[in-house]
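Everything on this sheet refers to the single structure shown next.
Numbers here simply count residues along the sequence, with the first being 1. From a predicted model like this one, the values you see are computed outputs, not experimental measurements.
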Amino acid sequence: MRWCALFLTLALAAQTPPAGTKLVSGEVTSIDVSAKQFKVKADDGVNYTIALQDNTAYLRMPFGEKDQKKAAKIELTDVAVGDRLIARGPLAEDTKTVTVRTVIVMTKDDVAKKQQQDHADWQKRGIVGTVTSVNPDAKEITVNLHGRDNKSLVIDAGKTSFRRYASDSVRFADAKPSSFAELQLGDTVRALGDKTEDGSRLKAEELVSGSFQTIAGTVISVNNATGEVQLMDLKTKKPVTVRTNQNSMLRRLEERTAAMLARRMNPPEDGGSPGGAPGSPGPGGGNPRTLDVPREGKAPGPGGPGGMRGGSFDLQAILERSPQLALTELKKGDALIVSSTKGADGSSMTAISLVAGVEPFLAAAPRRAGQVDLGSWSLGMGAPEQ
């Protein structure tokens, strides 16, 4: 996270660590005052024991400060579970214990304030887009922006901190350190920085990338205990296991919303309603809740295959406002659209979003070689957590 990156610019972290030492930055998960040790879940995912000494110094960084000289001295008993900690010292043979002489903490409340501040900054100065070209020599990438700003933008990534989504996680916080070399055409990127006055370029301070996929399928079975849904992929005709967790966005489109998306996908040539009120027969007299309405040869809308017509709009915002979905509501045969990061194993995926009530949309979607084209259903990645 950005606030953590700033925290790590402290003098303690900036110094080159001596050989055999370990710099640990993470969240305090337990405190044993009598044993003089902390348990810390580090940002690299490893759980460390921080061994304290009689002469260990404890410092608290005030909110918004990065200069270690501004840190206030505190006592061991002032450190609390949930605080952020940075410390460095010799790494024991077990590779999980670090003996330290200085501990710098940021309180849990200050962490929350900083996260809110950074979230607001990403909302204000962040962009999300799909990579259309990569220029390694100039360290520039070109993206098509998502949402209402549906246009091209060049990102100057010459002095950028890179991270990349893990293949098995949908959480922004789980993104791993990355580099410009890992960027690929078709990636979704979220970048933070300042745009030029004409809005055509952005000088990125941070950039998080990921490779995503979206599939449509029908429910085979639901395991509420494990949070898994078995789907029959409408494209491959093969079963897929969809895992959900507390970070997955589960939504059900209201009929009116689904009908609106269907109209945007394939509006009638005369500008009238393709099917009247939601639930009424769709284009060509078919039922919009039937998935096998033939659309072979239908011309795609503006913006490429499967492009939504009628101007740009923010699909992510539409879904976030839609009713939440419980897996217990699903039944065999229900149609779903699922977005996830791309993994090596195509037989399973962890859902970023799982959306039900999509039958009208799928019925209106163009077909390519008999397959539903979901090119317009682009969700990308979620924002940094608050």
Side-chain angles (χ1 to χ4, degrees), residues 1-61 66 68 71-112 114-115 118 161-179 182 206 208 243 245-247 341 343-344 350 384-385:
M1 290 181 176
R2 183 167 172 246
W3 66 267
C4 186
L6 293 175
F7 195 30
L8 289 175
T9 60
L10 296 168
L12 179 62
Q15 300 169 359
T16 302
T21 64
K22 175 68 179 179
L23 178 68
V24 176
S25 173
E27 179 181 338
V28 178
T29 56
S30 71
I31 300 172
D32 189 332
V33 175
S34 60
K36 290 188 176 181
Q37 66 179 28
F38 299 139
K39 297 290 186 181
V40 174
K41 183 177 181 180
D43 297 330
D44 60 8
V46 178
N47 292 308
Y48 290 97
T49 297
I50 304 299
L52 310 169
Q53 304 177 78
D54 290 337
N55 62 347
T56 295
Y58 306 93
L59 303 173
R60 175 180 294 157
M61 289 296 297
K66 295 180 284 181
Q68 185 182 341
K73 291 184 179 180
I74 59 174
E75 301 296 327
L76 166 59
T77 52
D78 293 323
V79 183
V81 171
D83 288 352
R84 293 285 306 186
L85 170 152
I86 181 171
R88 187 178 64 209
L91 186 64
E93 292 184 1
D94 64 3
T95 70
K96 297 294 179 63
T97 303
V98 180
T99 302
V100 303
R101 297 182 62 180
T102 302
V103 171
I104 302 176
V105 299
M106 180 184 287
T107 68
K108 180 167 60 175
D109 289 343
D110 284 348
V111 168
K114 191 68 177 76
Q115 288 175 331
D118 286 348
S161 171
F162 293 92
R163 293 206 298 161
R164 192 166 181 86
Y165 264 71
S167 61
D168 59 350
S169 174
V170 299
R171 296 187 68 235
F172 183 92
D174 290 339
K176 306 299 182 184
S178 183
S179 66
E182 288 195 71
E206 297 180 59
V208 186
R243 297 182 296 269
N245 55 38
Q246 68 272 20
N247 300 302
T341 54
T350 299
E385 294 91 338

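- Taken to the nearest 0.5 Å, the CE atom of Met106 stands 13.0 Å off from the CD atom of Glu27.
- Contact annotation: the side chain of Lys96 never approaches that of Asn47 to less than 4.5 Å [non-hydrogen atoms, C-beta and beyond].
- Here Arg88 contributes atom CZ and Ile104 contributes atom CD1; the two are 9.5 Å apart, rounded to the nearest 0.5 Å.
- Here the shortest heavy-atom pairing between Arg84 and Ser25 reads NH2-OG, 3.6 Å.
- Taking the side chain as every heavy atom from C-beta outward, Phe38 and Leu76 approach each other to under 4.5 Å.
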> After noting the C-alpha distance and the side-chain angles of Val105 and Ile74, does the key distance pass the side chain to side chain contact (heavy atoms under 4.5 Å, CB included) rule?
Replying inline: CA-CA 10 Å; Val105 299; Ile74 59 174; 3.8 Å; yes
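- A salt bridge does not link Lys114 with Asp110: every distance from a Lys NZ or Arg NE/NH1/NH2 to an Asp or Glu carboxylate oxygen is 4.0 Å or more.
- In this structure, Lys176 places its NZ atom where more than 12 heavy-atom neighbours from other residues, nucleotides or ligands lie under 6.0 Å away.
- In plain terms, the two heavy atoms of Val81 and Ser30 that are nearest each other are CG2-CA, 4.0 Å.
- Put simply, the side chain of Lys39 reaches to within 4.5 Å of the side chain of Thr49, judged on heavy atoms.
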>> Could you walk me through whether Thr29 and Val40 satisfy the side chain to side chain contact (heavy atoms under 4.5 Å, CB included) test, starting with their C-alpha distance in whole Å, then the side-chain angles of each, then the deciding distance to 0.1 Å, before giving a yes or no?
In response: CA-CA 5 Å; Thr29 56; Val40 174; 5.8 Å; no
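- Here the CZ-CD distance, from Arg163 to Glu206, works out to 7.5 Å after rounding to the nearest 0.5 Å.
- Side-chain contact check for Val24 versus Ile86: every heavy-atom pair is 4.5 Å or farther apart.
- Closest non-hydrogen pair, Lys22 versus Tyr48, comes out as CE-OH, 3.2 Å.
- When all heavy atoms of Ala71 and Leu59 are compared, the pair lying nearest together is CB-CB, 3.8 Å.
- Between the side chain of Gln37 and the backbone N or O of Ile31 there is no donor-acceptor pair closer than 3.5 Å.
- In this structure, OG1 on Thr102 lies 11.0 Å from CG on Leu52, to the nearest 0.5 angstrom.
- Thr56 contributes a side-chain N or O that, together with a main-chain N or O of Val100, makes up a donor-acceptor pair within less than 3.5 Å.
- Nearest heavy-atom pair, Thr97 versus Ala51, reported as atom, atom and distance to 0.1 Å: CG2-CB, 4.2 Å.
- For Asp78 (side chain) and Glu75 (main-chain N/O), a donor-acceptor pair under 3.5 Å exists by modelled atom type.
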